[in-house]
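Structure first, commentary second.
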Amino acid sequence: MRKLQNQNPFFTLPSTCLSRQFKPSYCHTKAHFIQNLQDCRNFKSLISTHSNILKFGFLNDTFTTNHLINRYVKLQKINSAHQLFDEMSEPNVVSWTSLMAGFIDAGRPKMALWLFGKMHESTVMPNSFTFATLVNACSILADLKTGKRVHAQVEIFGFQSNLVVCSSLIDMYGKCNDVNEAHRVFDLMGFRNVVSWTSMIAAYAQNAQGHVALQLFREFNCLMLDRPNHFMLASVINACASLGRLVSGKVSHAAVIRRGHDSNDVVASALVDMYAKCGCINYSDKVFWKIPNPSVIPYTSMIVGAAKYGLGKLSLEIFEEMLERRVKPNDITFVGVLHACSHSGLVDEGLEHLETMYEKHGIVPDAKHRSCVVDMLGRTGRLDEAYSLAKSIQVKPDEGALLWGTLLSASRLHGRVDIATEASKWLIESKQQVAAAYVTMSNTYAFAGKWEKVHSIRSEMKRNGVYKEPGCSWVEIRDSIYVFYAGDVSLCARGSEVVSLLRELERRMKEKGYVGGSMGLVFVDVEEEAKEEIVSLHSERLALGFGLISMPKGMTIRVMKNLRMCRDCHEAFKLISDIVERDFVVRDVNRFHHFKNGTCTCRDFW
DNA sequence: ATAGGGTTAG
């Protein structure tokens, strides 16, 4: 019987048919059962087909059982799939790989790796599908060590030039933050397609190297192999966002519209985020309201975007709307909500959200949420509460860096040398952001007029070989990018005007009830790198009667311009762009060459 | 049976 099956895999007669002397009909063929399996849309019909397959003896057939396993996986019944696999007499490479992919789908990538270990003990050889699946598991786990071991196996088994395996390797190295290794794989590929290019671009975009991502995108377009698709454009827009490159972002947006990808939810949320980070919250808003049924991510992008502009009330309104439309918030949404409260002085609302996020929405507050609240309390000067909250939070090193860094800057802002000392002590002892901790501590002492302490910190830094890279900020005006380094203002022809403008802004802020430290105009008479705060045009302290607004690097002046906050900001913008144009031409923006020729305008959108 | 995209506090 078995022999017969092997000879004629599609039209064999199950033993039951023979014994009852059935006439063979299509209803009892393998092809029929496989067709049946593909039609199974629910668990119940699958169970029934499964029992028919069993009844007609096809469970001995690996090909049929593999289909059955895949159907269980598709209907999210991984345990049934696993059980079925265990009962197989001769699982082949497809059975093994299907089950691995199934465990990945079910959110258990470690199980896929464990299965590979088991497969290794069997006589079945892995193929390229198996390796692509395994690499994918490592990518999800961001497990570089295992990823490298799998990569070694890929080489041993000779799949190092397989397109899919290489694309997944690039992705895996990217997710593990090893872009160099990702690029090495990319370089060694004999043939590349849109997917491999996208993996490479995304790896750079996700690892704070947006300029390389954009460079690769230009190369891809020059090669004219293929058109960029929505996957690629989403990554390119992400790169523009991280660089604050509004012009490039708009060009990409135009490409999105031309290629008809503007209804794609993922692309739209990348655009919402990009415009927000480039200082155009009004464009974010336009893109956002065009999304038919926004999922949690575009909602979160919009909440975070509005929060960064000090539009805390708007953030909270969007959050409410999201809840009304039954979109479930996630942990990042709550970071946005708390951030909004923090930057708009909505302290009570923020505390309320932290208290109720679990019982109302099932999201357990973790270190990042509590850090937002520490920031919120710290900003408004409730340093003692912020400090005791900080002490109560269990953190991993990277979370601690953020938490204690937050507390340190709040302490500096409010001149709390005592708490600043504790916070910088934590950072330095944990070897987290050591240079920044030293500089901020030194600035706190400078603010308090304790110059001896300032000098002793400076000598300590020297002794320990700690060097702080000067902070910088940049702005895109028309086609050029201008970079400001901390300390540059004194080198600038109209630096004194900037300084007096900042002093004036500060005076008016205080008039409007701003509490907190100076605008960062403490000209510390120490080394250059200590003048962290001098050009603090990206500082939240330019908020002016709107509560406290943070302006991340790269969105500096445009933010002020588009905020329509007050006349003062417009004046500041005019003055600063004037200075920038005359004295600070750093470099021309790398244009998107392929989009030149006037084909690309955003007119069709606006 | 296998590959690629978007949201995270200072």
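Protein chains get the first letters and strands the later ones, always in sequence-line order, with residue 1 at the start of each. Note that the structure is a prediction, hence the values are computed from the model and not measured.
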| task | When you get a sec, tell me which of B:dG4, B:dA1, B:dG6 is the closest nucleotide to the side chain of A:Ser269? | result | B:dG6

| Can a side chain N or O of A:Lys175 be found less than 4.0 Å away from OP1 or OP2 on B:dA3? | no

| Taking atom types as modelled and ignoring hydrogens, do the side chains of A:Tyr299 and A:Glu321 form a donor-acceptor contact shorter than 3.5 angstrom? | yes

| task | Go through B:dA1, B:dT7, B:dG10 for me and flag the one nearest to the A:Val94 side chain. | result | B:dA1

| message | If I take atom CG in residue A:Asn66 and atom P in nucleotide B:dT2, what distance separates them, rounded to the nearest angstrom? | response | 12 Å

| query | Checking A:Lys74 against A:Tyr72: charged group under 6.0 Å from the ring centre and within 45 degrees of the axis? | reply | no

| message | How many whole angstroms separate atom CZ of A:Arg259 from atom C1' of B:dG5? | response | 16 Å

| Going by atom types alone, do A:Ser235 and A:Asn238 pair a side-chain donor with an acceptor below 3.5 Å? | no

| field | Nucleotide nearest A:Val304 when distance is taken to its side chain, options B:dT8, B:dG5, B:dG10 | value | B:dT8

| query | Just how far, in rounded Å, is P of B:dT8 from CG of A:Leu402? | reply | 13 Å

| message | From C-beta outward on A:Ala202, which listed nucleotide comes closest to its side chain: B:dT2, B:dG10, B:dG5? | response | B:dG5

| query | Picking from B:dG5, B:dT2, B:dG4, which would you name as closest to the side chain of A:Ala234? | reply | B:dG5

| In whole Å, what is the span from the NE2 atom of A:His183 to the P atom of B:dG4? | 19 Å

| message | With a cut-off of less than 4.0 Å, is there a side-chain N or O of A:Asn238 near OP1 or OP2 of B:dT7? | response | yes

| field | Polar side-chain contact A:Asp265-B:dG6 base: donor and acceptor under 3.5 Å | value | yes

| task | Using a cut-off of strictly less than 4.0 Å between a heavy atom of the residue and any atom of DNA chain B, enumerate the qualifying residues of residues 162-169 of chain A by number. | result | A:Leu163, A:Val164, A:Ser167, A:Ser168

| Quick one: is A:His230 getting a side-chain N or O under 4.0 Å of the B:dG6 phosphate, OP1 or OP2? | no

| Hey, what's the ring geometry for A:Phe334 with A:His369, parallel, tilted or perpendicular (30° and 60° as the breaks)? | perpendicular

| field | Nearest-Å distance for atom pair CD1/C1', residues A:Ile170 and B:dG5 | value | 15 Å

| said: Classify A:Val194 by what it touches in the nucleic acid, base, sugar-phosphate, or nothing, heavy-atom distance under 4.0 Å. | reply: base

| message | I'd like to know if A:Ser235 reaches the base of B:dG5 with its side chain, counting only an N/O donor and acceptor under 3.5 Å. | response | no

| message | I want to check a possible cation-pi pair here: A:Arg412 against A:Phe447, using under 6.0 Å from ring centre and within 45° of the ring axis as the test. | response | no

| field | Parallel, tilted or perpendicular: rings of A:Trp96 and A:Phe85 (30°, 60°) | value | perpendicular

| Quick one: the side chain of A:Asn264 and the base of B:dG5, do they pair up donor-acceptor inside 3.5 Å? | yes

| remark: Closest of B:dA1, B:dT7, B:dG4 to the A:Asn127 side chain is B:dA1

| message | Before you tell me yes or no, could you show the steps for A:His253 and A:Tyr275 under ring-ring contact (aromatic ring centres under 6.0 Å, His included), namely the whole-Å CA-CA distance, both residues' side-chain angles and the distance that decides it to 0.1 Å? | response | CA-CA 10 Å; A:His253 187 177; A:Tyr275 281 124; 5.6 Å; yes

| request: Grab the CE-P distance between A:Met376 and B:dG10 for me, whole Å please. | output: 12 Å

| said: Taking only side-chain N and O atoms of A:Gln206, does any of them lie within less than 4.0 angstrom of OP1 or OP2 on B:dG6? | reply: yes

| query | Would you say A:Arg379 reaches B:dG10's phosphate, i.e. side-chain N/O to OP1/OP2 under 4.0 Å? | reply | yes

| task | Classify the nucleic acid contact of A:Ala410 as base, sugar-phosphate or nothing, counting any heavy atom under 4.0 Å across all strands shown. | result | nothing

| Which part of the nucleic acid does A:Ser128 contact within heavy-atom distance under 4.0 Å: base, sugar-phosphate only, or nothing? | base

| Nearest-Å distance, CG (A:Leu271) to P (B:dT7)? | 12 Å

| request: Assign A:Thr130 to base, sugar-phosphate, or nothing according to its heavy-atom contacts below 4.0 angstrom with the strands shown. | output: nothing

| query | Just checking A:Val267: base, sugar-phosphate only, or nothing, at a heavy-atom cut-off of under 4.0 Å? | reply | base

| message | Using OP1 and OP2 only, check whether a side-chain N or O of A:Asn136 sits under 4.0 Å from B:dG4. | response | yes

| message | Name the residue from A:His343, A:Met376, A:His353 that meets the side-chain contact (heavy atoms from CB on, under 4.5 Å) definition with A:Leu338. | response | A:His353

| field | Which nucleotide in B:dG6, B:dG10, B:dA1 has an atom nearest any side-chain atom of A:Gln433 | value | B:dG10

| said: Output the rounded distance in Å from CD1 (A:Ile303) to C1' (B:dG6). | reply: 15 Å

| request: Check the angle between the aromatic planes of A:Phe157 and A:Phe131 and answer parallel, tilted or perpendicular using the 30° and 60° thresholds. | output: tilted

